[in-house]
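Order of the sequence lines fixes the chain letters, A, B, ..., with proteins taken first and strands second; residue numbering starts at 1 for each chain. Side chains are part of it too, since the values below use all heavy atoms of this structure and drop only hydrogens, waters and symmetry mates.
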There are 2 protein chains.
Amino acid sequence: MTPEPYDTTPEPYDMAPEPYDRAAVRRPASIKDVAAAAGVSATTVSHVLSGNRPVNEHTAARVRSVVNRLGYVPASLARSLQAGATSVIGLLIPDISNTFFAELAKGAEDAAHDLGYGLILCNTEFDADREDRYLGMIRSRFIDGMVYASGSAPSRRRLEALMGKFPIALADEEVEGLEGALIATADHEAGGRLVGEHLRALGHRRALMLTGPRALKSSNARANGFVRAFRGEVVERVGDFKETSGHGLVTDLLQDGGLPGGCTAVFAANDLMAFGALTALRQAGLSVPEDISVVGFDDIRAASLAHPPLTTVHQPAYDVGRTATAQLLQYVTRGEVPPASRHTLPVELKVRGSTAPAAR
Amino acid sequence: MTPEPYDTTPEPYDMAPEPYDRAAVRRPASIKDVAAAAGVSATTVSHVLSGNRPVNEHTAARVRSVVNRLGYVPASLARSLQAGATSVIGLLIPDISNTFFAELAKGAEDAAHDLGYGLILCNTEFDADREDRYLGMIRSRFIDGMVYASGSAPSRRRLEALMGKFPIALADEEVEGLEGALIATADHEAGGRLVGEHLRALGHRRALMLTGPRALKSSNARANGFVRAFRGEVVERVGDFKETSGHGLVTDLLQDGGLPGGCTAVFAANDLMAFGALTALRQAGLSVPEDISVVGFDDIRAASLAHPPLTTVHQPAYDVGRTATAQLLQYVTRGEVPPASRHTLPVELKVRGSTAPAAR
DNA sequence: ATGGTTGTGCAAAACGTTTTGGATATCTAG
DNA sequence: CTAGATATCCAAAACGTTTTGCACAACCAT
C-alpha cells in the first residue's frame, strides 16, 4: 500500500478570493489543530482520513467537518518520512529540448502519474557535475528511484556503484556490464537493418553512412545492422548527431571530388545529421532523391515536414520512457525485479520522399 | 540560508561493485549511527556536517571518517521537514512534447538548478483532473512553489484560490484579474505587429489570419497586434493551434472558390497551423511564396528546416521559463515579491523564404 | 580572586505524520 | 451472570533531521 503522494481534495471553490497577501501567511493547520478543534486525538483524525481503522461515523463526520473548515491538508513530507518513501522518482536526461527526450519524458511522466508518482526532471546538459548532483537526490532518499537516460561516460562508474543499492532503470542507452539492470531501449540494430534492406531493394549498392559517436552502443548498433543488411559497399564517417556535423561531412566529401566511390545513398544515424546532409547536397546542385537518396533515424517532427519529406526510422521514444519507468516502479512498489528485465522495443521504417531507386 | 536539497558528496569510487543484490538492502545509516560509532552526540555530527557551529577539529575529523566509512548521507526528507521547505518546485505545463514547452521547461530547470532547487514535471495533457492532482502537491507542501504555464479554463478559479496562499508564478499565459501575480510572458502583441509591418512593407493588403482559441489572451494579442499594424483587410478564422486545423481551414476556403477577397498572405498564430496551411496551398497547386506568402509564430525547430523555410516570430520560450522560475524562486527564498513582478519578453521576426512581395 | 568570554559538546524539543499496543466501555453467547 | 469478543478511541513511539538552551572547562583581563 503505497501512500498517496499528495492530497487531491479539491480546494473549496466558494472561498473568499483573498488578495495576494504575503504577510498574512499563517502556519497551515496540522493534524493536531484538527484533533484539538474536533475534540479527538490526532490518531483518530489520521484514521478518519486514511480509513486505516474504523471510526465511529458520528465522530468521523465531526472530524471531516473540521478538516474542511480549517482547510487541513496532510503534510506530505511528514507522511513520506514516516512511510520511508516519497512517491517521487527522477528522470535523468541530457537535454529536454531535444524532441526525442521530450517524448521519452512524456512517456515517463505518464507512467509515473498512473501510479501516483511524481517525476523530477533532471536535465544534465551533458554536464557530469550536474549529473552527480542529481544522483545525490537518490542517495539522500529524496526520490525512490531513477530513470537514467544519459550517456555521459565519466558517470559510468558512479552509476555502477549506485545500481546495486538503489532502484535505477536504464532507458534508451545500455550500460555495459550491468547485467541485472532494468533496461528499455529501442531496437537500434533492427532499425539499421531496415534501412539497409530498403536501400538495397531500391538498387543501391554503395552508400555513405554518417554514424554517431563511437562510444554510444546505440549508434554502433544502428551502423552494424545497416552494414550487415545492405550487403554493399559502405563508407563510414563519424559525426556527433548535430546538424552541422552532417552538413560538414558531406560538404567536405563533395569538395574532394564527389561522394566516394560513386555512392548513391546517404544513411545518417539521426535525422538532424540527415538534414545537414540534405542541405549540403542541395547546395552542391544535387537533387534528392533523384540523384541521391537520404535516410535518417529518429523520425522527429521536422522529418515529415521537410522537403522532401525524410525517409527515416521511427523510434518509440514515448514507449521507451514509459516502459523504463513502469519497470522501475514495479521494482520500487512491489520490491521485485519485473520478470522481463530487458525490453527491446520495435522500430518502424517510414518511407517518405527522400529515397528512390538508385540512379544508374 | 536555504538548505541544500540533497547531498553532493561523491560516492567513493573504489567501493566493491557488489552484484545487484536486492535482498541485502540494509537500513541506511542514520545520524544516530554515526554519532554512536564516533562516540559523540547527534548534535555534534550535525554541526560537523553543516558547519553551523564550530566543532573541535580533532573530533570533527573522527566524525568525518565515520561518515565516510558508513557511507552516511543525510536524509533530505527529515531535513526538509525540519526546515519547513523542500527546495523543490513544480512546473505545470500541458504538453512536454511540444517544443515550445520543452524549451520553456529547459529554462525553468536551469533557473531552478542554479539555486539548488529540484523541478517536478507536471504534464497535464490539458486534463483538468490531472492538473488538480498536481496542484495538490503545493497544498500538501511537497513543493515550495509552482510555475504555472497552462491555459485550461476550468482550473482558473481553483488557481485563484491558491494564488493568495502559495507561491505561484505564471508563465507564457496571463490570468485575468490576478494583478499582484508574478508573470513572465512573451510580447505576443509585438509579434503580431512585426508580422503586420513585414507583410505591409511587402505590399500585401489583404490577408488571412488563422488565430488560436479565443479564450487565450496570448492568441488574441497576436491577432490584435497584427490587425493594427497591417492596416489592410484581414479575414479571421479560428483554429486550435494544431496542424490539421491550419490545413482544414485553408482547404475549405480554397474549395469555396479561392482565398476570400483575393488574399495574398496567410498569417497563422503558430507554426504548426502555418505548416498545415502550407501543405494545403501546395496541394491546391499554389506556390509559396510566389503566389501566397505564409507566416507562422513560435519558431519551432521545424520552421527553419521546412521547405521553403518558414518566416515566423521567434518566441523566447527558454527565457519565459527561466524568468518565471527565477521570479518565483526570488519570492520563495527571500520571501519578497521581486521588484518587477511582470516581465514581457521581446520577440523577434525571422524573415525566411516563405514570404515575398505581393503578387499583383 | 573575580567576572566575563570562548571553546566544546550534549539533551531535549520541534517538524507532522502513521502505527502499534492498550484501555475502556459495550455487546454477545453461553 | 460471566467470559470473551467487538467497538471506539487514545498515548506513545517512531521516522531522521536541525536548532536551542545549557553545562562545563579553560582561558583572559581586571
Side-chain angles (χ1 to χ4, degrees), chain A residues 1-7 26-63 66-67 70-87 139-142 144, chain B residues 1-7 26-63 66-67 70-87 139-142 144:
Chain A
M1 189 78 68
T2 55
E4 276 293 307
Y6 29 75
D7 179 78
R26 33 187 185 292
R27 182 179 61 79
S30 81
I31 198 172
K32 286 182 190 165
D33 301 327
V34 175
V40 297
S41 76
T43 306
T44 302
V45 176
S46 175
H47 287 331
V48 168
L49 265 43
S50 69
N52 236 344
R53 275 194 190 179
V55 173
N56 179 285
E57 185 44 45
H58 189 64
T59 317
R62 187 155 35 98
V63 168
V66 172
V67 165
L70 266 49
Y72 167 69
V73 178
S76 46
L77 266 185
R79 213 196 276 237
S80 296
L81 179 61
Q82 150 72 27
T86 60
S87 287
R139 299 200 314 134
S140 71
R141 280 99 75 219
F142 191 85
D144 295 345
Chain B
M1 188 77 71
T2 55
E4 276 291 308
Y6 29 75
D7 178 78
R26 36 185 181 292
R27 184 179 60 80
S30 82
I31 198 172
K32 284 181 192 165
D33 301 328
V34 175
V40 298
S41 75
T43 307
T44 301
V45 177
S46 175
H47 287 330
V48 168
L49 264 42
S50 70
N52 236 343
R53 275 193 190 179
V55 172
N56 179 285
E57 184 45 45
H58 189 65
T59 316
R62 187 157 32 99
V63 168
V66 172
V67 165
L70 267 47
Y72 168 68
V73 178
S76 46
L77 266 185
R79 213 196 277 234
S80 296
L81 179 62
Q82 151 71 26
T86 60
S87 287
R139 302 186 38 231
S140 72
R141 284 145 284 148
F142 191 85
D144 296 345

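Distance alone, capped at 3.5 Å, is enough to place a donor-acceptor pair between the B/Arg141 side chain and the A/Val73 backbone.
Judged as a side-chain contact (heavy atoms from CB on, under 4.5 Å), and not counting sequence neighbours, the contacts of A/Asn56 are A/His58, A/Thr59. Residues passing the side-chain contact (heavy atoms from CB on, under 4.5 Å) test with A/Leu81 are B/Leu77, B/Ala78, B/Leu81, sequence neighbours excluded.
Bracketed by its first and final contacts, the part of DNA chain C lying under 4.0 Å from non-hydrogen atoms of chain B reaches from C/dT8 to C/dG16 in 5' to 3' order.
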Q) Going through the distances and angles, do A/Arg62 and A/Val40 end up as a side-chain contact (heavy atoms from CB on, under 4.5 Å)? A) CA-CA 10 Å; A/Arg62 187 155 35 98; A/Val40 297; 4.3 Å; yes

Q. Is there a side-chain contact (heavy atoms from CB on, under 4.5 Å) between B/Ser46 and B/Ile31 once you walk through the steps?
A. CA-CA 8 Å; B/Ser46 175; B/Ile31 198 172; 4.0 Å; yes

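The terminal axes of the helix from C/dA1-D/dT30 to C/dG30-D/dC1, fitted over 5 pairs per end, subtend an angle of 50° to the nearest 10°.
Less than 4.0 Å separates DNA chain D from at least one heavy atom of each of the following residues of residues 30-46 of chain A: A/Gly39, A/Val40, A/Ser41, A/Thr43, A/Thr44. Near DNA chain C, meaning a heavy atom under 4.0 Å from it, residues 51-58 of chain A has A/Asn52, A/Arg53 in order of number.
With no hydrogens or angles considered, a side-chain donor-acceptor pair links B/Ser76 and A/Ser140 at under 3.5 Å.
Counting only heavy atoms from C-beta outward, the side chains of A/Leu49 and A/Tyr72 approach each other to under 4.5 Å. Using a 4.5 Å heavy-atom cutoff, the side chains of A/Lys32 and A/Val45 are not in contact. For the pair B/Arg27/B/Ser30, a side-chain contact is recorded, criterion being any heavy-atom separation below 4.5 Å from C-beta on.
Nucleic acid contact for A/Ser50: none, since no nucleic acid atom lies under 4.0 Å from a heavy atom of the residue.
Mapping B/His47 and A/Leu81 onto DNA chain C via the closest heavy atom, the residue that lands nearer the 5' end is B/His47.
The shortest heavy-atom contact between B/Val66 and B/Ala38 is CG2-CB, 3.9 Å. Closest non-hydrogen pair, B/Asp144 versus B/Ser87, comes out as OD2-N, 2.7 Å. Considering every non-hydrogen atom in both B/Ala35 and B/Ala42, the closest pair reads CB-N, 3.6 Å.
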